[in-house]
Participant: 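Can you read through this structure? Questions will come right after.
In what follows, chains are A, B, ... by sequence order, proteins preceding strands, each numbered from 1. Everything quoted here is computed from the prediction, not taken from an experiment.
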Number of protein chains: 2
Amino acid sequence: MVATSQQNARETDGVEPAAQTLHVGELEICPGEGLALAAGQALMLSVREFDLLVALARQPGAIVAREALYDAVWGAPMRQGDRSVDVYISKLRSKLEQAMPDRRFIHTHAGFGYRFQPQPSRDVDNGPLRGR
Amino acid sequence: MVATSQQNARETDGVEPAAQTLHVGELEICPGEGLALAAGQALMLSVREFDLLVALARQPGAIVAREALYDAVWGAPMRQGDRSVDVYISKLRSKLEQAMPDRRFIHTHAGFGYRFQPQPSRDVDNGPLRGR
DNA sequence: CGCGCTGTGAAGAAGGCGTGAACGTGGCTG
DNA sequence: CAGCCACGTTCACGCCTTCTTCACAGCGCG
């Protein structure tokens, strides 16, 4: 599992070093190795899951559109109606939560995309629309 | 669907594209991303709420008529009697206040429209502007 | 006091999203 | 070579968010 990602060219990546170790919260990700550590514990991720995690973790706090994620992970433009990203977001969430039950990393912005951020201190997530 | 961008063909300079990050008070808005930060914290806004916020924040201090807001967000002329703008103003206020309790951003100018400005807690400066 | 304007909760409809499951494929093992 | 298994993709169902509209309440002014 998790052999590698498809584009490992860490040399000519322009602005940012692509294959550098990423630290987001208590997550540690080595894009070049396909290794992700959650609080020191290795996550068992498939290639798609890992690439998706990397694509998200590269821009912590930013909202990334499905199309952008698909393009980053699948390397092709997303066909309309394709739910692959959603499915893998779900799988990723599941494994992240399993490893770190009290943290939330992936936040949904309906109509926009997903945002990767470790545990917003005050979670404003849809407050006033919940209990009615 | 997710496009959400309104027609802002207002590039005064080649250097300043429309989708640049907006800063108004402690608010930070990225029109292209659907991301709005209140004091560094990400707001959970729907597409309509976000577009409305952008439409307002583009002209800080100016009174923007309902018709103009509707046109900017909905992309169509507002039908008479439509209260959609009011409803979403209310929702926006609610979320902004939840994130920044001590600030007021959206000010009502009865008979004219809404004004977006960080802190003038007193609207005394506009008292007798009623007749038409 | 009546009227126009605004704030806001609620209800119903529509659409987006979460997720289990089925299906197909390729690699590994015996 | 046959069987097993992990992975990726697609489908389908149901919940939840979002959008729209309605209704009622509060407020300032003539």
Participant: So does A:Arg66 reach the base of C:dG16 with its side chain, donor to acceptor, closer than 3.5 Å?
Facilitator: no
Participant: Of the listed nucleotides (D:dT10, C:dC17, D:dC22), which one gets closest to any side-chain atom of B:Val87?
Facilitator: D:dC22
Participant: Atom CG in A:Leu53, atom CG in A:Leu96: separation rounded to 0.5 Å?
Facilitator: 6.0 Å
Participant: Take atom NE2 of B:His109 and atom C1' of C:dG7, then tell me their distance rounded to the nearest Å.
Facilitator: 16 Å
Participant: Over how many whole Å does the gap from A:Gln80 atom CD to D:dT10 atom P extend?
Facilitator: 14 Å
Participant: Can you check side-chain contact (heavy atoms from CB on, under 4.5 Å) on B:Glu33 and B:Phe50, steps first, answer last?
Facilitator: CA-CA 10 Å; B:Glu33 266 186 89; B:Phe50 183 80; over 6 Å; no
Participant: Can you tell which of D:dT20, C:dG7, D:dG8 lies closest to the side chain of A:Val47?
Facilitator: D:dG8
Participant: Can you check the B:Arg48 CZ to C:dA14 P distance for me, whole Å?
Facilitator: 16 Å
Participant: Separation of B:Tyr70 atom OH from C:dT6 atom P, in whole Å?
Facilitator: 17 Å
Participant: Nearest whole angstrom, please: distance from the C1' of C:dC5 to the CZ of B:Phe112.
Facilitator: 12 Å
Participant: For A:Arg93 and A:Thr108, does a side-chain donor sit closer than 3.5 Å to a side-chain acceptor?
Facilitator: yes
Participant: Among the candidates C:dG7, D:dG8, D:dC19, find the nucleotide nearest to the side-chain atoms of B:Thr108.
Facilitator: C:dG7
Participant: Just to be sure I understand the rule, does A:Arg93 reach a base, reach only the sugar-phosphate, or reach nothing, if contact means heavy atoms closer than 4.0 Å?
Facilitator: sugar-phosphate
Participant: Which residue is it: B:Asp82, B:Asp71, B:Asp86? I am looking for the one with a side chain to side chain donor-acceptor pair (under 3.5 Å) to B:Arg66.
Facilitator: B:Asp86
Participant: Take atom OH of B:Tyr88 and atom P of D:dT21, then tell me their distance rounded to the nearest Å.
Facilitator: 11 Å
Participant: I want to check one thing: is the phosphate of D:dT9, taken as OP1 and OP2, less than 4.0 Å away from some side-chain N or O of A:Trp74?
Facilitator: yes
Participant: For residues A:Thr21 and A:Ile29, determine if any side-chain heavy atom of one lies less than 4.5 Å from a side-chain heavy atom of the other.
Facilitator: no
Participant: Strictly below 4.0 Å: does A:Ser90 bring a side-chain N or O up to OP1 or OP2 of C:dG18?
Facilitator: no
Participant: NZ of A:Lys91 versus P of D:dG8: gap in Å, rounded?
Facilitator: 7 Å
Participant: Measure the distance from CZ on A:Arg83 to C1' on C:dC17 and round it to the nearest whole Å.
Facilitator: 6 Å
Participant: Using OP1 and OP2 only, check whether a side-chain N or O of B:Ser94 sits under 4.0 Å from C:dT8.
Facilitator: no
